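All chains are named by letter (A, B, ...) in the order of the sequence lines, taking the proteins before the strands, and each is independently numbered beginning at 1. Here the structure is a predicted model, which means the values were calculated and not measured.
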Amino acid sequence: MALSLGELAVRFGCELRGDPQRRVEHVATLANADANSLAFLANPHYRPQLKTTRAAAVVLDAREARECPVPMLVSDNPYATYARMAALLHPAPPARAGVHPTAQVSPGAHLDPSAEIGALVTIGAGVTVGARSYIGAHCHLDDGVTVAEDARLMARVTLCRGVRVGARVVIHPGAVIGADGFGFAPERGTWLKVPQLGSVQLGADVEVGANTTIDRGAIDDTVIEEGVKLDNLIQIGHNVRIGAHTVLAACCGISGSASIGKRCMLGGSVGVNGHISICDDVAITGASSVTHSITRPGVYSGTLPFEEARVWRRLVARFKRSDALEARVKKLEQAAALKAAQQEDHDDHE
Amino acid sequence: MALSLGELAVRFGCELRGDPQRRVEHVATLANADANSLAFLANPHYRPQLKTTRAAAVVLDAREARECPVPMLVSDNPYATYARMAALLHPAPPARAGVHPTAQVSPGAHLDPSAEIGALVTIGAGVTVGARSYIGAHCHLDDGVTVAEDARLMARVTLCRGVRVGARVVIHPGAVIGADGFGFAPERGTWLKVPQLGSVQLGADVEVGANTTIDRGAIDDTVIEEGVKLDNLIQIGHNVRIGAHTVLAACCGISGSASIGKRCMLGGSVGVNGHISICDDVAITGASSVTHSITRPGVYSGTLPFEEARVWRRLVARFKRSDALEARVKKLEQAAALKAAQQEDHDDHE
Amino acid sequence: MALSLGELAVRFGCELRGDPQRRVEHVATLANADANSLAFLANPHYRPQLKTTRAAAVVLDAREARECPVPMLVSDNPYATYARMAALLHPAPPARAGVHPTAQVSPGAHLDPSAEIGALVTIGAGVTVGARSYIGAHCHLDDGVTVAEDARLMARVTLCRGVRVGARVVIHPGAVIGADGFGFAPERGTWLKVPQLGSVQLGADVEVGANTTIDRGAIDDTVIEEGVKLDNLIQIGHNVRIGAHTVLAACCGISGSASIGKRCMLGGSVGVNGHISICDDVAITGASSVTHSITRPGVYSGTLPFEEARVWRRLVARFKRSDALEARVKKLEQAAALKAAQQEDHDDHE
């Protein structure tokens, strides 16, 4: 699809600096753009590429406009504006209404006629799939699952018994929603399985990354509120609640019964202990371990930056000897106090 | 299923304090229980909810009895007792004997007639599935796999060639058991694949979480002994051995040829280096890196707790300057020694 | 297959010390070898097992020869030599040309007649599969995917739209290649999805572990160069580039737009921040966080070794009080300077 810069400016409320008849056909990075490309600048890291870009036009903030050698679409939020334009230029294929002949659908499932059910999908008893939803190849929707309208399960998604998925949710391949939580009672040196009887609720506009796992609640449900975005390979334990519009980068692990507030941002590989609470509007930098509750909005960290190995080994050695160092300082303090006392004594006797 | 408190007390050896005719229909949390609910208290974290619960009855320890406003089932191990009662109130559906018409079963597979083989399951040559085992939809059992009796492969489980699964094992969706270990020999700047010729043995009563991976041995087998419980998204490298009744929380990574003893407990995201041993009865707190063998039972840790980012940055700066601090202390010590010597000298001359 | 030591020595260029007629049938570890076994010694950790081995022959380095009680195949690179011999003794089954009747192949797919397409595989429009490639059961190749010759997708591999896979690539079960990158633009307190329009390229001889995820690029492709080996449960974000012959151990997380050089080695659970570069020939020890670019080849670390919990708690307390310790040292320095000044003053007045 080709669109003129004039059309884009009007449709997305940008200020156009350049020829409104100029047309763009696809998006590109600043570095690789050609004369039919729409590019954008939102991360200052890529500013050096602006001066030499050959894009037909660049979406950017007014402050970057001076350096731009080609037509511009000026926006207060260039990344979001770019996202909307990219979605218009490269639309996702619409759902093709109907059930693939190889899909296995249990009697009593309610599939909206506008939904697309892909090849080799399995659909259990009492499942509901809403209007225009796309259930990709190899997905498994167990008994009692509900998927609302306009959801997209890309392929090979597993929704265990009774899981409820909100409108416009996107789930990537390999994600497992609603497997048993990790609940075992210790008993005479072995572990007794505790039945996991709750389920999982995903609110509207949630996105779940590839191979991410969200366990069902032990009794009540695990709840992911609307607009939450989960990257790949994340573990969400049973009974967890994640507040609206919170984002978790890849490889995070959230232990059972933890509660995370709204609009939080967790970097990659952050771990959160069980049974603790994180309030709204908290950011946690990558690889930190959240070992106790956070009650005040803010930015939190807990990871040591790396060093060359030989430097690191010395730092570790110092760390391990920190007790000894404190003891040495204490001795110096005592000696100084003694010396001070002696000095006073000495002065008195002069 | 509804059960009277009297029946429950007799069946599970509890002391009943309350009306034996009172009936419960389902389990609930203390906070959300209604007049038909059985609740429990095992984690003191939830003690505040006890006073206001509306449960029909609560399973708890005698020490908590005083605060309980409703009928009680008193148990020495309330969590385990609750688990048994919950399993009775909410039984898992039994296997429905038979092979789904869409399952692909190779000639020469031995499937017990009481086993349930689900939709779109693939079963290779020489596979054995034992009595009453449940093989859920989309599972793949490659050639030579053995599954003992009463196992439950929930859905979409991959058992690679020759994997052996014990009785009553539970495996959650997306788990991959028996993929090649990560074995490559360096040769002139490239990596030569080392054939991975062993397999994997899962002992009786093992549970494996969603999307967890357990690699086949390079030559001998990778062995997970009986009663081991593995949470989601765990990586077990080739040739690893995990001792009976050990539990690993989510996101742990156990490198090749490591050996973990019996009755150990690893918190989430613990890493264990290759070729090391951890003895029996070791607990390791979350996110620690186990870089050398552990030969003494006990509790081990290695993770720094987080701080507000501005506090953390200062702590990191101090850590990185710990060399300089030690040097300053040494100088003070030398100065003090000098001063001491001077003082002695001074005293001698007086 | 049985082979004589003489044949092995000639074929793989080893020096044979022992009877060339002696035959081996399979490989074994030094500890478990029997009279028909070929064993090897490459890791000094296993040297103690050499003296008591009952193998028919051992592949080893000349420096280990003295301790070996059985026939030897002496090699400069015993691990690589062993790998080749093991592959000869235990060959992988060849692809059985043809398409399984349950595979779903879209019209317009180009499948080489020598390729094997397994049970319940789904193949989208415009897919190409090269000569002798093996596409295992339950794999999903979305529209526009290209797989070159001699590739092996073991089972249940997901290749999303347009992914390109090089010759001799091996991909293990559960891997997801080409799911959407994690791109969302913040807008008025919510997150707007940024279309992920690039794809993924895997070079020749790449290996991808079980349940590993490699996201498609946002605009350009995510690129894994030839010979890269990725272990299980690794996350590769969008737009990442990994240089030829680099290896990543399990559970690493590489954030979006990071670039890793050639011949690097990352230990398990290493995290790499987004938009940074690591140069060629860098090794990073397990569980380190790479928070800024590395421009010099070498070995880097950033993980504290664990301790017994009671020791660890004291170390953490010291770390958290490091500010106070520095202040105490400063005070001592000031006092010492003062004392020095006083002493000078005192000396002057004597």
Side-chain angles (χ1 to χ4, degrees), chain B residues 104 120 122 138 140 142 156 158 160 174 176 179-180 182-187 189-195 197 211 213 215 219-220 233 235 237 251 253 255 269 271 273 275 284-285 288-292 298-302 304-305 307 314-315 318-319 322 325 328-329 332 335-336 339 342, chain C residues 27-29 32 43 45 77 79-80 82-84 86-87 90 92 102 119-120 137-138 154-156 170 172-174 205 207 209-211 227 229 231-233 245 247 249-251 263 268-269 286-287 303-309 312-313 316 319-320 322-323 325-326 329 332-333 336 339 343:
Chain B
Q104 301 298 313
L120 302 172
T122 44
H138 301 272
H140 175 61
D142 211 317
R156 202 184 302 288
T158 303
C160 300
V176 178
D180 277 357
F182 198 61
F184 298 93
E187 192 186 44
T190 70
W191 297 94
L192 179 68
K193 185 170 177 68
V194 179
L197 302 165
N211 285 346
T213 58
D215 281 349
I219 296 178
D220 294 334
L233 289 172
Q235 152 69 358
C251 305
S255 302
S269 297
N273 277 23
H275 300 278
I284 301 172
T285 61
S288 303
S289 289
V290 182
T291 47
H292 57 85
V299 183
Y300 296 82
S301 298
L304 294 174
E307 293 281 352
R314 209 164 58 221
L315 290 171
R318 295 279 180 250
F319 175 76
S322 57
L325 187 67
R328 287 161 65 185
V329 170
L332 281 166
K339 204 60 55 75
Q342 286 178 340
Chain C
V27 299
T29 56
N32 293 335
N43 180 340
H45 188 80
N77 187 344
Y79 195 31
Y82 159 78
R84 292 183 194 285
H90 303 271
T102 60
L120 303 172
H138 301 273
M154 302 309 293
R156 204 185 301 288
V170 176
H172 292 288
D205 298 302
E207 186 153 340
N211 284 346
K229 309 298 183 188
D231 199 350
N232 297 351
L233 289 173
H245 308 298
V247 293
C251 305
R263 297 174 302 278
S269 297
T303 314
L304 294 174
F306 71 103
E307 293 281 353
E308 273 191 79
W312 182 257
R313 278 192 297 271
V316 169
F319 175 76
K320 295 280 168 122
S322 57
D323 251 19
L325 187 66
E326 176 137 346
V329 170
L332 281 166
E333 288 169 336
K339 204 60 56 72
Q343 188 64 36

* Asked: Measuring heavy-atom distances to chain C, does B:Q104 have an atom under 4.5 Å in its side chain, in its backbone, in both, or in neither?
  -> side chain
* Asked: Quick one: do C:E326 and B:R328 make a salt bridge, cutoff under 4.0 Å?
  -> yes
* Taking the inter-plane angle between the rings of B:F184 and B:F182 on a 0 to 90° scale, is it parallel (under 30°), tilted (30 to 60°) or perpendicular (over 60°)? -> perpendicular
* Are the charged groups of B:E187 and C:R84 less than 4.0 angstrom apart, N to O? -> yes
* Quick one: what part of C:N77 sits under 4.5 Å from any heavy atom of chain B, side chain, backbone, both or neither? -> side chain
* Which region of B:S255, side chain (C-beta onward) or backbone (N, CA, C, O), has a non-hydrogen atom less than 4.5 Å from a non-hydrogen atom of chain C, or is it both or neither? -> neither
* **Under 4.5 Å from any heavy atom of chain B - which part of C:A210** => both
* Side chain, backbone, both or neither: which part of C:D231 has a non-hydrogen atom closer than 4.5 Å to chain B? -> both
* To do: Give, as side chain, backbone, both or neither, the part of C:N43 having an atom under 4.5 angstrom from any heavy atom of chain B.
  => side chain
* **Side chain / backbone / both / neither for C:S322 at chain B, heavy atoms under 4.5 Å** => both
* Hey, is the main chain of B:G302 close enough, under 3.5 Å, to the side chain of B:S288 for a donor-acceptor pair? -> yes
* To do: Please look at C:T29 and chain B and tell me whether the side chain, the backbone, both or neither of the residue comes under 4.5 angstrom of a heavy atom of that chain.
  => both
* Heavy-atom distances under 4.5 Å only: say whether B:L233 touches chain C with side chain, backbone, both or neither. => both
* Asked: Do the side chain of C:R156 and the main chain of B:H138 share a donor and acceptor less than 3.5 angstrom apart?
  -> yes
* Structure fact -> When the 4.5 angstrom heavy-atom criterion is applied to B:T190 and chain C, the contacting part is both
* Asked: Between B:L304 and chain C, which part of the residue has a heavy atom less than 4.5 Å away: side chain, backbone, both or neither?
  -> both
* **Check: B:T213/C:N211 side-chain N/O donor and acceptor closer than 3.5 Å** => no
* Structure fact -> Whatever's closer than 4.5 Å to a heavy atom in chain B on C:L120 counts as side chain
* Asked: Is a side-chain donor or acceptor of B:K193 paired with a backbone partner of C:A87 at a separation under 3.5 angstrom?
  -> no
* To do: Kindly write out the residues that satisfy salt bridge (charged side-chain N to carboxylate O under 4.0 Å, His left out) with C:R313, not counting sequence neighbours, or none if the list is empty.
  => none
